Amino acid sequence: MIHQIQLYNTLTRKKEIFEPLNAPHVGMYVCGPTVYSDVHLGNCRTFLSFDLIFRYLKYSGFKVRYVRNITDAGHLEGDRDEGDDKFAKRAKLEQLEPMEIVQKYTLGFHDVMRMFNALPPSIEPTATGHIIEQIEMIKTIMANGYAYEVDGTIYFDVEKYSAAYNYTILTNRNLEDMLANTRELGGQDDKHGRLDFALWIKAKPETLMQWASPWGMGFPGWHIECSAMSAKYLGQEFDIHGGGMDLAATHHTNEIAQSEACSRHQPAKYWMHTNMLTVNGTRMSKSKGNGFLPGELFTGNHPLLNKGYSPMTVKFFMFQAHYRSTLDFSNEALEASEKGFKRLMNAVSLLPKLVANEEGTIQIDGLKENCINAMNDDFNSPVVIAELFEATRIINTVYDGTAKINAAELDKLKTLVNDFVFEVFGLKDEESSNTELNEVLDMVIALRKEAKENKDYAISDQIRIGLQNIGIQLKDSKEGTTWSKN
RNA sequence: GGUCGAGUGGCCGAGAGGCUUAGGCACAGCUCUGCAAAAGCUGCUACAGCGGUUCGAAUCCGCUCUCGACCUCCA
């Protein structure tokens, strides 16, 4: 079944019905991380949002090719178009080869994504692996007259491009104002126009990462890699291009310009932008130094955190807000999500134990339809979560025996949980994985049950309180005793 | 300064002209229970301010205030 999905397109600034160019195939490109340092939680939010979108598109019957790049060259500090890029700078700092930096942080990024249970993209191309494609693209842009060379460095000619195309289509800014503003920012380089940006940058002899080109030794500008790689793997026109909102004004604006100057049409039909994660209302960013690293969050080793939060808790927390809203990061909010997530997962683990009864009193009215409708409405995950808590309530009442469910309705419930908790949201139960612990606790619980039957409450309380002190909470019910970690 | 967006109950956070009690967390009461926890039920119940449009506005329009993002590297 192919769903009719509406998504918010930054190009038009409104929700549109999603109509892929070649249904059921969908091409989606997302700007990935620049691997010169650890990814922080804000970066993760974007990738988890697109993981959700990727999963839902697949669930909806589309054949998705999801391309997410690794930027491992050419990303300069500041906008000077000169000097070392971020990798070389970091390499000098850590006394490593630039490619050791790239390798280290690429592996770290993958580890984090795995902990979040995010699916790997279909293709994960690197900038250094596509130097030739980038050079070819620059040659075409030059041949089309939208770029010029100054002493081995190639610049994109924004003013000339603007005469034929709309440079500010993504941000709706006024080009004259931009020109007037940027003029005052100064800059010592050789660009003709202040908005011009480098496609290829001439290397100095000591530049660590450099390649041969028709214009001499050099390295690519930051923006060109995404244009070249998206065209290579998805074609010159594809369906969805995504990334963080912070990329729209500069990176994506320049990407569109390059692609249009090369192929003469818009690269992507839909541009999607995820909003920022904030701390105390201010954007989490590397340069502000207010970024949380995933490791710090999981362990709680951070001045602003009272305790650690598991990857699934964090992911659930993120999905409780819409991807286009800012989300503020705080202990209180995380603790609330943690408790909610535990309640949900507890119900999920109870689901296999439910017994169908012919005289069912429960109707699963449109829960799944509500979830589908919510996701079809620009991937509204918070509404899906509200529906999942309705399912949680139903599961608990059936488990407690205060309601009965028939086989057909129980089946619907199981499908709902399987589809949305696991398949679309990619959540997983983090507690039931330790089989040894399970077996030990089963034994302890059996011993306690015996003590209780003998009304030896001193022993049974000693067991319960003892376990509680090491973080394991026992929960008695008519059906027996279950446990959870605090 | 320019562009864009946001202000929802104790907190997080959806919704977007009437008929969501959104949902979660917290809090209170009750039920269950040897105790505890869990679970269920019930309650608390809001839309920054001022005007306007409308039979009806948190939702549309105008103004005011506050906050944020982008415009310079960042998902």
Side-chain angles (χ1 to χ4, degrees), chain A residues 10 13 30-34 37 39-50 75-80 85-86 168 171-174 176-178 180-182 185 187 222 242-251 253 273-278 281-288 291 316-317 320-322 324-344 346-347 350 370 374 377 380-390 392-393 395-397 399-403 452 455 457 460-461 464-465 468 473-478 481-484 486:
Chain A
T10 310
R13 279 170 287 280
V30 171
C31 292
T34 303
S37 64
V39 286
H40 62 65
L41 254 332
N43 304 120
C44 293
R45 184 187 183 198
T46 291
F47 303 129
L48 291 177
S49 293
F50 282 106
H75 201 157
L76 290 168
E77 293 280 350
D79 195 28
R80 290 274 72 91
D85 66 20
K86 294 183 171 184
T168 56
T171 51
N172 203 28
R173 287 167 301 178
N174 181 305
E176 279 72 43
D177 289 347
M178 287 176 72
N181 276 338
T182 44
L185 288 173
W222 173 37
M245 268 181 187
D246 51 340
L247 298 182
T250 304
H251 183 56
T253 289
H273 290 98
T274 56
N275 214 140
M276 299 293 107
L277 191 62
T278 60
T282 306
R283 172 184 169 190
M284 187 181 287
S285 74
K286 287 185 181 177
S287 55
K288 283 203 179 98
F316 186 74
F317 163 71
Q320 276 187 306
H322 187 90
R324 282 195 291 116
S325 301
T326 54
L327 173 61
D328 200 53
F329 197 77
S330 68
N331 271 302
E332 293 73 22
L334 278 165
E335 269 171 34
S337 287
E338 181 177 60
K339 286 183 182 164
F341 178 62
K342 280 190 173 172
R343 193 157 81 85
L344 173 65
N346 183 249
L350 256 26
N370 293 346
D377 183 15
N380 196 329
S381 56
V383 169
V384 173
I385 287 175
E387 297 296 325
L388 291 177
F389 277 110
E390 176 65 14
T392 297
R393 213 198 82 246
I395 292 169
N396 286 330
T397 52
Y399 183 76
D400 287 346
T402 51
K452 278 177 70 175
K455 300 217 188 293
Y457 295 124
S460 74
D461 285 355
R464 197 194 68 230
I465 292 161
Q468 196 168 20
Q473 179 67 55
L474 294 184
K475 295 178 278 192
D476 292 334
S477 80
K478 287 176 203 154
T481 300
T482 57
W483 59 274
S484 66
N486 288 329

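The structure displayed is predicted, hence computed values, not measured ones. Below, chain A is the first sequence line, B the second, and so on; all start at residue 1.
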Undergrad: What's the gap between B:U59 and B:C27 when it is taken at their C1' atoms, as a whole Å value?
TA: 30 Å
Undergrad: Base, sugar-phosphate alone, or nothing: which one does A:Arg464 contact when heavy atoms must sit under 4.0 Å apart?
TA: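 Contact class for A:Arg464: base.
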Undergrad: Taking only the side-chain heavy atoms of A:Asp377 (C-beta and beyond), determine which of B:G40, B:G24, B:A16 contains the nearest atom.
TA: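 That would be B:A16.
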Undergrad: Nearest of B:A75, B:G23, B:C35 to any side-chain atom of A:Asp461?
TA: B:C35
Undergrad: Any side-chain N or O of A:Lys475 below 4.0 angstrom from OP1/OP2 of B:A39?
TA: no
Undergrad: Which part of the nucleic acid, if any, lies within reach of A:Ser49 when heavy atoms closer than 4.0 Å are counted: base, sugar-phosphate only, or nothing?
TA: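 The answer is nothing, as A:Ser49 stays clear of every strand by at least 4.0 Å.
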Undergrad: Please work out if A:His273 contacts a base, only the sugar-phosphate, or nothing of the nucleic acid, heavy-atom cut-off 4.0 Å.
TA: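 The answer is nothing, as A:His273 stays clear of every strand by at least 4.0 Å.
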Undergrad: If you look at every strand shown and take non-hydrogen atoms under 4.0 Å, does A:Gly42 touch a base, only sugar-phosphate, or nothing?
TA: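 Base: the residue A:Gly42, judged by heavy atoms under 4.0 Å, touches a nucleobase.
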Undergrad: Using atom C1' in both nucleotides, what's the gap between B:G62 and B:C71 to the nearest angstrom?
TA: 28 Å
Undergrad: More 5' along RNA chain B: A:Ser460 or A:Thr46, using each one's nearest nucleotide?
TA: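 Nearer the 5' end of the strand: A:Ser460.
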Undergrad: Report the nucleotide, chosen from B:G24, B:G40, B:A75, that has the shortest atom-to-atom distance to any side-chain atom of A:Ala336.
TA: B:G24
Undergrad: Within the structure, does a side-chain N or O atom of A:Ser285 lie under 4.0 Å from either OP1 or OP2 of B:C73?
TA: no
Undergrad: Classify the side chain of A:Asn331 versus the base of B:C11 as yes if they form a donor-acceptor pair under 3.5 Å and no if they do not.
TA: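 Between B:C11 and A:Asn331, which were checked side chain against base, a qualifying N/O pair under 3.5 Å is absent.
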Undergrad: Please give the distance between the C1' atoms of B:G18 and B:U72 as a whole number of Å.
TA: 48 Å
Undergrad: Using whole Å, report how far CD1 of A:Ile385 lies from C1' of B:G15.
TA: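 Interatomic distance, CD1 of A:Ile385 to C1' of B:G15: 15 Å.
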Undergrad: Could you tell me how far apart A:Glu390 (CD) and B:A39 (P) are, to the nearest whole angstrom?
TA: 15 Å
Undergrad: Indicate, with a heavy-atom threshold strictly under 4.0 Å, whether A:Thr250 touches base, sugar-phosphate, or nothing.
TA: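 Since only primed, P, OP1 and OP2 atoms lie under 4.0 Å of A:Thr250, the category is sugar-phosphate.
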Undergrad: For A:Met276 and for A:Glu387, find the nucleotide of RNA chain B with the closest heavy atom, then tell me which residue's nucleotide is more 5'.
TA: A:Glu387
Undergrad: Where the side chain of A:Asn43 is defined as all heavy atoms beyond and including C-beta, which of B:A39, B:A75, B:C25 is the nearest nucleotide?
TA: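 Closest nucleotide among those given: B:A75.
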Undergrad: Could you give the CD-to-C1' distance, from A:Gln473 to B:C35, as a whole number of Å?
TA: 12 Å
Undergrad: At under 4.0 Å, does any side-chain N or O of A:Asn396 touch on OP1 or OP2 of B:A39?
TA: no
Undergrad: Measuring from the side chain of A:Met284 (C-beta onward, heavy atoms only), which nucleotide among B:C71, B:A14, B:A75 has the closest atom?
TA: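 Nearest to the side-chain atoms of A:Met284, counting from C-beta on, is B:A75.
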Undergrad: What's A:Gly32 touching, base or sugar-phosphate or nothing? Going by heavy atoms closer than 4.0 Å.
TA: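 Answer is sugar-phosphate: A:Gly32 comes under 4.0 Å of backbone atoms only.
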Undergrad: Closest approach to the side chain of A:Ala386, judged atom by atom: which nucleotide of B:C73, B:G40, B:A22 is it?
TA: B:A22
Undergrad: Ignoring hydrogens and angles, answer whether the base of B:A38 and the side-chain atoms of A:Asp476 contain a donor-acceptor pair closer than 3.5 Å.
TA: no
Undergrad: Under 4.0 Å, heavy atoms only, any strand: does A:Leu344 hit a base, just the sugar-phosphate, or nothing?
TA: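 Result for A:Leu344 = nothing.
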Undergrad: Between B:C60 and B:G15, how far apart are the two C1' atoms, rounded to whole Å?
TA: 16 Å
Undergrad: Closest to the A:Glu332 side chain: B:C11, B:A22, B:U3?
TA: B:C11
Undergrad: Check the phosphate of B:A6 against A:Arg324, side-chain N and O only, distance under 4.0 Å to OP1 or OP2. Yes or no?
TA: no
Undergrad: Nearest to the side chain of A:Phe389, which nucleotide is it out of B:A36, B:G24, B:G34?
TA: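 Looking only at heavy atoms from C-beta outward on A:Phe389, the closest nucleotide is B:G24.
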Undergrad: If you only use heavy atoms from C-beta on, which nucleotide in B:G40, B:A69, B:A75 is closest to the side chain of A:Thr282?
TA: B:A69
Undergrad: Evaluate side chain to side chain donor-acceptor pair (under 3.5 Å) for A:Ser325 paired with A:Asn275, printing each intermediate quantity in order.
TA: CA-CA 6 Å; A:Ser325 301; A:Asn275 214 140; over 6 Å; no
Undergrad: So, A:Thr402 and A:Thr397: side-chain donor and acceptor under 3.5 Å apart, yes or no?
TA: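 On atom types as modelled, these side chains do not qualify, holding no pair under 3.5 Å.
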Undergrad: Looking at every strand, decide which applies to A:Arg13 at a 4.0 Å heavy-atom threshold: base, sugar-phosphate, or nothing.
TA: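 Nothing, no heavy atom under 4.0 Å.
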Undergrad: So A:Asn275, base contact, sugar-phosphate only, or nothing? Heavy-atom distance under 4.0 Å.
TA: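 Base contact.
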Undergrad: Could you label the plane-to-plane angle of the A:Phe316 and A:Phe341 rings as parallel, tilted or perpendicular, counting under 30° as parallel and over 60° as perpendicular?
TA: tilted
Undergrad: Looking at A:Lys452 and A:Asp476, is any side-chain nitrogen of the basic one under 4.0 Å from a carboxylate oxygen of the acidic one?
TA: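 Yes, A:Asp476 and A:Lys452 are salt-bridged.
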Undergrad: Is A:Phe47 stacked against the base of B:A75, taking the criterion as centroid distance under 5.5 angstrom and interplanar angle under 30°?
TA: no
Undergrad: Using the P atom in both, what is the distance from B:G10 to B:C32, to the nearest Å?
TA: 33 Å
Undergrad: Rounded off to whole Å, could you give me the CE-to-P distance for the A:Met245 and B:A69 pair?
TA: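 It is 13 Å, rounded to the nearest whole Å.
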Undergrad: Heavy atoms under 4.0 Å, any strand shown: does A:Ser477 hit a base, just sugar-phosphate, or nothing?
TA: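 No contact.
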Undergrad: To the nearest Å, give me how far apart CZ (A:Phe316) and C1' (B:A14) are.
TA: 13 Å
Undergrad: Once you apply a heavy-atom cut-off of 4.0 Å, does A:Asn172 come out as touching a base, just sugar-phosphate, or nothing?
TA: sugar-phosphate
Undergrad: In whole Å, measure the gap between the P atoms of B:A16 and B:A48 for me.
TA: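 Nearest-Å result for B:A16 against B:A48 at atom P: 16 Å.
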Undergrad: In terms of side-chain heavy atoms of A:Ala333, which of B:C25, B:C12, B:G23 is nearest?
TA: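 So the side chain of A:Ala333 is nearest to B:C12.
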Undergrad: In whole angstrom, give me the gap between the C1' atoms of B:C47 and B:A37.
TA: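 So the two C1' atoms sit 36 Å from each other.
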Undergrad: Nearest whole Å is fine: how far is B:A69 P from A:Asp246 CG?
TA: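 Whole-Å distance recorded here is 11 Å.
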Undergrad: Counting only side-chain N and O atoms of A:Arg343, is one of them less than 4.0 Å from OP1 or OP2 of B:G40?
TA: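 So the side-chain polar atoms of A:Arg343 do come within 4.0 Å of the phosphate oxygens OP1 or OP2 of B:G40, strictly under.
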Undergrad: Describe the nucleic acid contact of A:Lys452 in one word from base, sugar-phosphate, nothing, applying a heavy-atom distance below 4.0 Å.
TA: base
Undergrad: Just call it for A:Leu474: base, sugar-phosphate, or nothing, with non-hydrogen atoms closer than 4.0 Å on any strand.
TA: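 A:Leu474: base contact, heavy atoms under 4.0 Å.
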Undergrad: If the C1' atom of B:C19 is compared with that of B:A57, how far apart are they to the nearest Å?
TA: 15 Å
